[in-house]
Undergrad: 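Before I ask anything, here is the structure I am working with.
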Protein chains: 4
Amino acid sequence: MTNKQTKRKAGRPRNEAAREAVLEAAYKIVMSDGVGRLTIERVALEAGVGKPTIYRSWANAQELAMAAFMAQPEDEFKSPKGSGMHRIRAHLRSVIKTFSTPRGRQITLTLASAEQESELGKAFRNQVILKSRETGRKLLEHAIESGSVTTSLDIETALDMLYGPVFFRLLVGHNKLNLELADTIVETLFDGIALSD
Amino acid sequence: MTNKQTKRKAGRPRNEAAREAVLEAAYKIVMSDGVGRLTIERVALEAGVGKPTIYRSWANAQELAMAAFMAQPEDEFKSPKGSGMHRIRAHLRSVIKTFSTPRGRQITLTLASAEQESELGKAFRNQVILKSRETGRKLLEHAIESGSVTTSLDIETALDMLYGPVFFRLLVGHNKLNLELADTIVETLFDGIALSD
Amino acid sequence: MTNKQTKRKAGRPRNEAAREAVLEAAYKIVMSDGVGRLTIERVALEAGVGKPTIYRSWANAQELAMAAFMAQPEDEFKSPKGSGMHRIRAHLRSVIKTFSTPRGRQITLTLASAEQESELGKAFRNQVILKSRETGRKLLEHAIESGSVTTSLDIETALDMLYGPVFFRLLVGHNKLNLELADTIVETLFDGIALSD
Amino acid sequence: MTNKQTKRKAGRPRNEAAREAVLEAAYKIVMSDGVGRLTIERVALEAGVGKPTIYRSWANAQELAMAAFMAQPEDEFKSPKGSGMHRIRAHLRSVIKTFSTPRGRQITLTLASAEQESELGKAFRNQVILKSRETGRKLLEHAIESGSVTTSLDIETALDMLYGPVFFRLLVGHNKLNLELADTIVETLFDGIALSD
DNA sequence: ATATAAACGAGACGGTACGTCCCGTCTTTCG
DNA sequence: CGAAAGACGGGACGTACCGTCTCGTTTATAT
């Protein structure tokens, strides 16, 4: 079987070293000064690269910010052993730990200021924001399949009730974001609020 | 001679008409082109006002955007009659209806891009984002006081589990934001996810 | 008679110091590195001025170059005493002396690269290139009026035959440009080329 | 097998078709948009040629412009029969006719903006600008040799007094450039300006 | 009545960054 | 091995806004 690779395009190929330098510089700027201070000009300067080289790969500073986050992936989210509820609690804790860092704050700001519909915007959403959600989905599905969840359940909504409060607090800042929140969310979600009527 | 009022300052007083023209122009721009297109220069032009007149009242475009939203208040959130659960469901529906409009999307973007700690930022958060949350808190508290909630409950977390999913979907756009979501959230929250173990 | 001065325009007036700094910096650059090296960016930097401040007054680098020359006027052209022919010869010598300098070379280059029809272009042409021609015209007219010229004469053409060769050599560089040229031009012009037929 | 020709260089020979396409595209651009709009990039695009292919033959856009003019030669200048003065007048008319076209204007601008000392610059000057001057020189020399010119004459200066006014008007644009100018120049040159003193 | 004070519109200021064009060079693949 | 294709680092373009600063004018209160 011959290697019918995608036909190589003519012309000089993109400089991978330049690409990496750009992403690294962008990440450094975002982490130290915030997304709002990320300018193409500054990245070009600090990466030792021409501006057009950046614009050739990314349409604007927001896209570059998203690409920078995607190029610097965080640790995997753990999904430890134990009963469904315990595993989900541990997972949510690790999500909170990840997003309550400066990196998490900047990711949220980037998400908020970016175009939702661009190709890169979708990729960013899926890889950076929703990757953990997929882990959570697997935990929930596993719990259902193993028969430990006895009620019918809208998984999508349940997932949003797990992660939504976290990002809500991160974005609005009306309440602290700490690990105890994971416990309370999971407890409330699983126990429900019993009503007498 | 009593002078109950705060001593009137010397000089020409602020022009209330100018203030209104500015807020109106700003609101129009935000609603038609988005927060990102709101520039002081453009507001000055469209409001027929000098730039310093704007800077005299607001520190930057973000503050002006927030002020514009606060000056154009939305309808009140209804808290209709009925049992606790029904009232909360109806309330959450009205919140979703309010924030799934273009106005809601822009408010969320404004929130995300604004300084959290400024005075105006806090006011915006409380008046525009969290006003509905206070309504929800009253409904929850009333349910507890009236004895219909029989489990112990962390109200803050419960509230975030009501509103968090809404803003999460609004911000990330991974799932549709419709009125059925209110039903599912409330059901899931009150029933809980029964576990066999 | 009351001073019915032109109504002062509203707004902050132009900064005369900035204007002068720009023209001075531009002149310095043109004289040291040539018109081709005159960039708005560099002028802004060396004059300690923002780019828009320059663009507010001049449309592009060519206009700025012309303005810089006009703001740094050369010495007046002498029109010494003596018979018409001698005075014209002396005048042409001073023109050659003026334009065979680096400044003269740069003026010619500027002229060639500039838009002829712009308002500033016309002013530059009249003030910098053709000012000497007006002096020459007066000398010729005076000679005619005083009766020393006995033939009919197309003054415009005669003037171009005086100055044309100078700029032709300056531009094309096929022959040296020295003071003797003035003598030869004037002699040839006044004596004519006698023909036997 | 004899090899009469200059030793053929190794490797693929220059593509003559490419060379022609480049010169043609350059000429088209210069004639339609002016020398100022001639960029290597644009020529490469319009000629369907790589940029390095152009740089292999010409050092910059000015050289290319000059080469383009030289590759598109104008009609020969006529030197008709008749007495010296008539022949020179007719010749000067044809020069004016040639240079008062858009092509003539662009040639002058190209000349003015180009480096005088480059090899191509000299060639351009001699072939395009001064070719006619050589014709004029022959006419003047013939007149002298045939004895019809009775005064001593500096031929170089006389030539510059013929062509100088034409290019002066072309460059500066202060007076119209029409065929009558030829008549007046020749008349003035040959009759001289008689003085009473 | 008349200063005096402050806000007004207008608009220029020194700056920063934008996104684009073109420079002249370099690197890769194709013919 | 030259030519096309096209990316590279770099420089400058001309524009949009920033937030600040004069201006001359208008509108109040305080003398």
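Throughout, a chain's letter reflects where its sequence line sits, starting with A, and its residues are numbered from 1.
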Undergrad: If you take all heavy atoms of A:Arg105 and B:Gln116, which pair is closest and at what distance?
TA: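 Looking at all heavy atoms of both residues, the shortest contact is NH1-NE2, 3.1 Å.
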Undergrad: May I have the distance from A:Trp58 (atom CH2) to E:dG19 (atom P), rounded to whole angstrom?
TA: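 Computing the A:Trp58:CH2 to E:dG19:P distance gives 15 Å.
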Undergrad: Which pairs, protein N/O on one side and nucleotides 11-13 of chain E N/O on the other, fall under 3.5 Å?
TA:
from, atom 1, to, atom 2, distance (Å)
E:dA12, O4', C:Arg12, O, 3.1
E:dA12, N3, C:Arg12, NH1, 3.4
E:dC13, OP1, C:Asn15, N, 3.1
E:dC13, OP2, C:Arg56, NH1, 2.5

Undergrad: Could you walk me through whether D:Ile40 and D:Asn60 pass the side chain to side chain contact (heavy atoms under 4.5 Å, CB included) check?
TA: CA-CA 7 Å; D:Ile40 300 293; D:Asn60 49 50; 5.9 Å; no
Undergrad: Expressed as a whole number of angstroms, how long is the span from D:Glu46:CD to E:dC21:P?
TA: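 Taking atom P of E:dC21 as the reference, CD of D:Glu46 is at 14 Å.
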Undergrad: Of A:Gly48 and C:Arg42, whose nearest nucleotide on DNA chain F comes first from the 5' end?
TA: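 The residue whose closest nucleotide sits nearer the 5' end is A:Gly48.
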Undergrad: Let me see the working for D:Arg42 and D:Leu45 under side chain to side chain contact (heavy atoms under 4.5 Å, CB included), right down to the final yes or no.
TA: CA-CA 5 Å; D:Arg42 187 169 162 194; D:Leu45 186 70; 5.6 Å; no
Undergrad: Can you check the A:Leu38 CG to E:dT16 P distance for me, whole Å?
TA: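 Nearest whole value for this atom pair: 17 Å.
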Undergrad: The test is side chain to side chain contact (heavy atoms under 4.5 Å, CB included); show your working for B:Phe69 and B:Gln127 and say whether it passes.
TA: CA-CA 10 Å; B:Phe69 280 119; B:Gln127 288 179 35; over 6 Å; no
Undergrad: Would you kindly give the CG-to-C1' distance between B:Leu45 and F:dA16, to the nearest whole Å?
TA: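 One finds 13 Å between C1' of F:dA16 and CG of B:Leu45, rounded.
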Undergrad: List the atom of B:Leu109, the atom of A:Ala112, and the distance in Å for their closest heavy-atom pair.
TA: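 Shortest heavy-atom contact: CD2-O, 2.6 Å.
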Undergrad: Let me know the distance between CD1 of D:Ile40 and C1' of F:dA4, rounded to the nearest Å.
TA: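 So the CD1-C1' distance, D:Ile40 to F:dA4, works out to 16 Å.
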Undergrad: I'd like to know if D:Asp33 and D:Lys28 make a salt bridge, using a cut-off of under 4.0 Å between side-chain N and carboxylate O.
TA: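 No.
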Undergrad: Side chain of A:Tyr55: nearest nucleotide among E:dC23, E:dT20, F:dG19?
TA: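 Ranking E:dC23, E:dT20, F:dG19 by closest atom to the A:Tyr55 side chain puts E:dT20 first.
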Undergrad: Within this structure, what is the CD-to-P distance between D:Glu20 and F:dA3, rounded to whole angstrom?
TA: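 Rounded to the whole Å, the gap is 14 Å.
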Undergrad: Evaluate side chain to side chain contact (heavy atoms under 4.5 Å, CB included) for D:Trp58 paired with D:Leu120, printing each intermediate quantity in order.
TA: CA-CA 9 Å; D:Trp58 301 278; D:Leu120 225 163; 3.8 Å; yes
Undergrad: Here's a test of your reading of the structure: between B:Ala47 and D:Arg37, which maps to the more 5' nucleotide of DNA chain E?
TA: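 On the 5' side of the pair lies B:Ala47.
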Undergrad: From CD1 of A:Ile29 over to P of E:dA17, roughly how many Å is that when rounded to an integer?
TA: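 So the two atoms are 10 Å apart, to the nearest Å.
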Undergrad: In whole Å, what is the span from the CG atom of D:Leu64 to the C1' atom of E:dC23?
TA: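 That distance rounds to 14 Å.
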